[in-house]
Amino acid sequence: MKCEVASTDWNKIAADWLVVGVPSEGEAGPGKSAFDMSLRERIARLRESGDLTGKLGETLALRDVPEIAAKRLLFVGIGDPKELTRGKLGKAIRTAARLISEKKTERVAFDCPQAAVDKLELDTAICTVTAEAIVGSVGQGLYQNEPKRFPFESITVLVETEAVATAAADGLQRGHVIGESINLTRELVNRPAADIYPESVAERVRELAEHVSFEVEVLELESLQREQMGSLLAVAQGSDKPPRVVVMKHNGATKPDAPTLALVGKGVTFDSGGLSMKPSEGMKDMKCDMAGGATVIGVIAAAARLKLPVNLIGYVGLVENMVSGNSYKLGDVLKSRSGITIEVLNTDAEGRLVLADVLDYAVEKGCDHLIDLATLTGACVVALGDEVVGAFTNNEVWCNEVRAAAHLTGEHVWELPMHEHFAELLKSDVADCKNVGPRWGGAITAAKFLEQFVDETPWVHLDIAGPAYAQSSRGDQEGGGTGAMVRSLIELAAEYGANRG
Ligand code: BES
Ligand code: ZN
Ligand code: ZN
């Protein structure tokens with residue numbers, strides 16, 4: 001998608017659509033041109049009639065507006081301008097983009113609302129508009145003969161003056177990359193297990209690295225055996241598809257002694273539950289069980305494209321959890337890479353077994369801060385619903401940093417407790433621990449299980465089982481992969497680089 005910023009007058013822009021954000025209070029845009037005044041009068045009349053309130057996400061489409069060169073005009077509510085955040089602006093822009101992209105368009109112009117410039121600063125406002133326009137116009141109908149959604153050929157973000165060209169160009173480029181990275185993560189999640197399996201993901205990452213320029217290493221079966229990843233390999237053994245661990249490095253820091261941030265992703269390309277098999281209802285969306293890995297891939301790609309001054313390393317543990325004569329079984333005792341032995345009492349608690357070995361590997365290879373992302377437990381969705389990410393940590397300071405980045409980008413993260421008594425629930429009579437605890441507190445016992453493999457490294461585990469995948473579409477969001485936490489982790493990586501890189 002071609003993206004540009006322009007300071008062309010709204011009325012002169014030749015486009016299929018002109019999108020104008022309307023606040024619930026005050027004027028839409030500060031312009032004083034005759035056109036702005038006439039548009040304001042139009043908005044005032046629509047407000048009086050109750051057709052337009054400026055409520056967040058409310059839309060009103062008008063055709064054949066005589067004052068403008070664009071073919072159609074779309075008003076989208078941005079809510080109370082004093083309360084505007086990146087999250088709210090993003091929601092408004094995605095809603096508009098989703099509506100417009102139902103029909104084929106070439107050029108779409110988005111007014112960058114003045115309220116956004118005032119509250120978020122120009123570059124962040126432009127970045128958000130650009131990224132969310134890109135996300136909103138791309139759908140999940142990857143296999144439809146007749147597409148129902150049409151990505152725009154080009155978007156133009158309209159700003160007030162040219163004096164701000166540098167900030168605008170920077171925001172635009174960031175938004176472009178962030179939008180495409182979110183869509184990459186979404187696409188990887190949306191493709192079914194027949195297309196997305198450990199080898200194909202590794203191949204895709206290799207191709208990506210050629211275009212985007214980061215280092216890749218793929219650990220194949222023999223290397224994983226040599227590394228004694230007994231826990232990950234046990235999950236993989238029931239599948240015809242061999243496992244992979246993909247390592248991606250972006251060494252962007254400029255200081256010689258800059259620390260490293262490692263991201264670890266669960267990449268279960270399909271989770272049937274194994275012998276503790278899921279019923280169809282619970283299994284039907286389990287192509288999404290590699291969303292943590294897809295998030296890591298999206299973030300590394302963005303960091304490399306944006307040349308963020310940070311040392312970032314991504315690890316994705318890729319396996320398929322299947323049923324066969326060779327599946328791992330209940331009662332099996334696994335020897336993890338770290339040496340910790342694990343009694344398997346449920347083969348559907350496989351994500352933690354994969355992460356155990358990859359976390360241990362990441363820590364041994366060296367990192368100063370660690371984050372893992374995983375669609376790990378249904379219990380986390382029960383606890384927090386499907387729009388809030390569960391956070392678990394061994395280091396409050398680091399967790400606060402992660403939460404602050406998420407807060408800035410408007411993604412919802414909520415920390416859950418990690419009291420010692422939860423670890424007691426994983427004690428086993430035959431091994432060092434078992435892979436499941438009792439039903440209650442299931443998201444926390446899963447996190448306590450992982451904690452054993454991170455040593456003293458400041459670590460945050462993010463359970464994205466709810467937010468990573470939307471069951472159905474709504475105004476601002478297409479069903480399927482959502483790209484949850486890509487925005488936040490790019491923000492975090494940028495901050496990490498700015499403060500430490
Ligand atoms: N992949 C699932 C968790 C999941 C559930 C992801 C819903 C996305 C949406 C995970 O591997 C799993 O099956 N967890 C079990 C753990 C249980 C056996 C302790 C669960 O949540 O039921
Ligand atoms: Zn499972
Ligand atoms: Zn799983």
Side-chain angles (χ1 to χ4, degrees), residues 1-8 13-21 70-72 74 76 86 89-113 116 123-144 146-159 165 168-191 204 207-208 210-213 294 297-299 301-307 409 473 476-478 480-483 486-487 490:
M1 202 176 295
K2 204 172 141 264
C3 300
E4 59 173 14
V5 266
S7 54
T8 322
I13 191 104
D16 293 304
W17 283 93
L18 168 64
V19 179
V20 174
K71 288 185 197 145
R72 306 174 196 87
L74 180 71
V76 60
R86 274 198 237 179
L89 177 64
K91 185 175 171 148
I93 299 295
R94 280 195 308 278
T95 305
R98 272 175 56 68
L99 204 136
I100 292 171
S101 58
E102 283 170 7
K103 301 241 164 59
K104 211 166 165 39
T105 53
E106 283 170 18
R107 188 175 185 194
V108 180
F110 287 86
D111 159 52
C112 185
D123 60 334
T124 306
I126 292 173
C127 171
T128 306
V129 170
T130 312
E132 304 301 343
I134 292 172
V135 172
S137 69
V138 172
Q140 61 169 333
L142 294 161
Y143 299 82
Q144 286 169 340
E146 280 178 37
K148 297 195 175 51
R149 193 164 296 290
F150 302 87
F152 314 136
E153 261 169 44
S154 81
I155 60 172
T156 305
V157 183
L158 297 177
V159 295
D170 181 60
L172 185 85
Q173 193 226 1
R174 256 190 302 136
H176 194 169
V177 169
I178 293 171
E180 289 187 348
S181 304
I182 294 169
N183 283 348
L184 168 65
T185 298
R186 292 174 61 209
E187 187 209 316
L188 290 169
V189 172
N190 285 335
R191 289 199 184 277
R204 185 78 194 262
E207 281 165 23
L208 187 68
E210 271 177 32
H211 290 109
V212 171
S213 176
I297 295 168
V299 174
R305 284 180 69 183
L306 294 171
K307 299 190 170 48
T409 53
S473 298
D476 71 309
Q477 192 180 65
E478 179 98 355
T482 61
V486 174
R487 296 168 187 79
I490 295 173

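The salt bridge (Lys or Arg N to Asp or Glu O under 4.0 Å) test applied to Asp123 returns Arg174, not counting sequence neighbours. Annotation: side chain to side chain contact (heavy atoms under 4.5 Å, CB included) contacts of Glu153 (sequence neighbours excluded): Glu106.
Taking both residues in full, the closest heavy atoms of Lys103 and Phe150 are given as C-CD1, 3.6 Å, listed atom of the first, atom of the second, then distance. The two residues Ser101 and Ser137 have their closest heavy-atom pair at OG-CA, 3.6 Å. Between Ile134 and Cys3, the shortest heavy-atom contact is CD1-SG, 4.0 Å. Nearest heavy-atom pair across Gly481 and Val189 is CA-CG1, 3.7 Å. When every heavy atom of Ala96 is checked against every heavy atom of Val19, the shortest pair comes out as CB-CG1, 3.9 Å. Of all heavy-atom pairs between Gly483 and Arg487, the closest is O-NH1, 4.1 Å.
Residues Lys148 and Glu102 fail the side-chain proximity criterion, which asks for heavy atoms closer than 4.5 Å. Side chains of Gln173 and His176 form no contact here, defined as non-hydrogen atoms less than 4.5 Å apart. Side-chain contact between Val129 and Leu89 is present, with heavy atoms from C-beta onward closer than 4.5 Å. A heavy-atom distance below 4.5 Å is found between the side chains of Phe152 and Ile100. Contact check for Ser154 versus Glu4: no side-chain heavy atoms found under the 4.5 Å cut-off. Side-chain contact check for Asn183 versus Val135: some heavy-atom pair is nearer than 4.5 Å. Within the 4.5 Å cutoff, the side chain of Leu306 has heavy atoms near those of the Ile490 side chain.
Separating the OG1 atom in Thr156 from the CG atom in Leu172 is a distance of 9.5 Å, to the nearest 0.5 Å. Taken from CD1 in Ile178 to CZ in Arg305, the straight-line distance is 10.5 Å, to the nearest 0.5 Å. Put simply, CG on Leu99 and CG on Asp476 are 12.0 Å apart, with the number rounded to the nearest 0.5 Å. Here Asn190 contributes atom CG and Tyr143 contributes atom OH; the two are 9.0 Å apart, rounded to the nearest 0.5 Å. The CD atom of Glu187 sits 14.5 Å away from the CD1 atom of Ile182 when rounded to the nearest 0.5 Å. In this structure, Arg98 CZ and Glu132 CD are separated by 12.5 Å, a value rounded to the nearest 0.5 Å.
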* Decide yes or no on side chain to side chain contact (heavy atoms under 4.5 Å, CB included) for Val138 and Arg149, but give the supporting numbers first. => CA-CA 7 Å; Val138 172; Arg149 193 164 296 290; 5.9 Å; no
* **Verdict with supporting geometry, Arg86 and Thr409, side chain to side chain donor-acceptor pair (under 3.5 Å)** => CA-CA 6 Å; Arg86 274 198 237 179; Thr409 53; 5.8 Å; no
* Can you list the steps and then say if Thr105 with Lys71 is a side chain to side chain contact (heavy atoms under 4.5 Å, CB included)? -> CA-CA 11 Å; Thr105 53; Lys71 288 185 197 145; over 6 Å; no
* Given the rule in the side chain to side chain donor-acceptor pair (under 3.5 Å) test, do His211 and Glu207 qualify, once you have shown the distances and angles that lead to the verdict? -> CA-CA 7 Å; His211 290 109; Glu207 281 165 23; over 6 Å; no
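No donor-acceptor pair closer than 3.5 Å links the side chain of Arg107 to the backbone N or O of Ala15.
Between the side chains of Glu478 and Ser473, no donor-acceptor pair is found at a separation under 3.5 Å.
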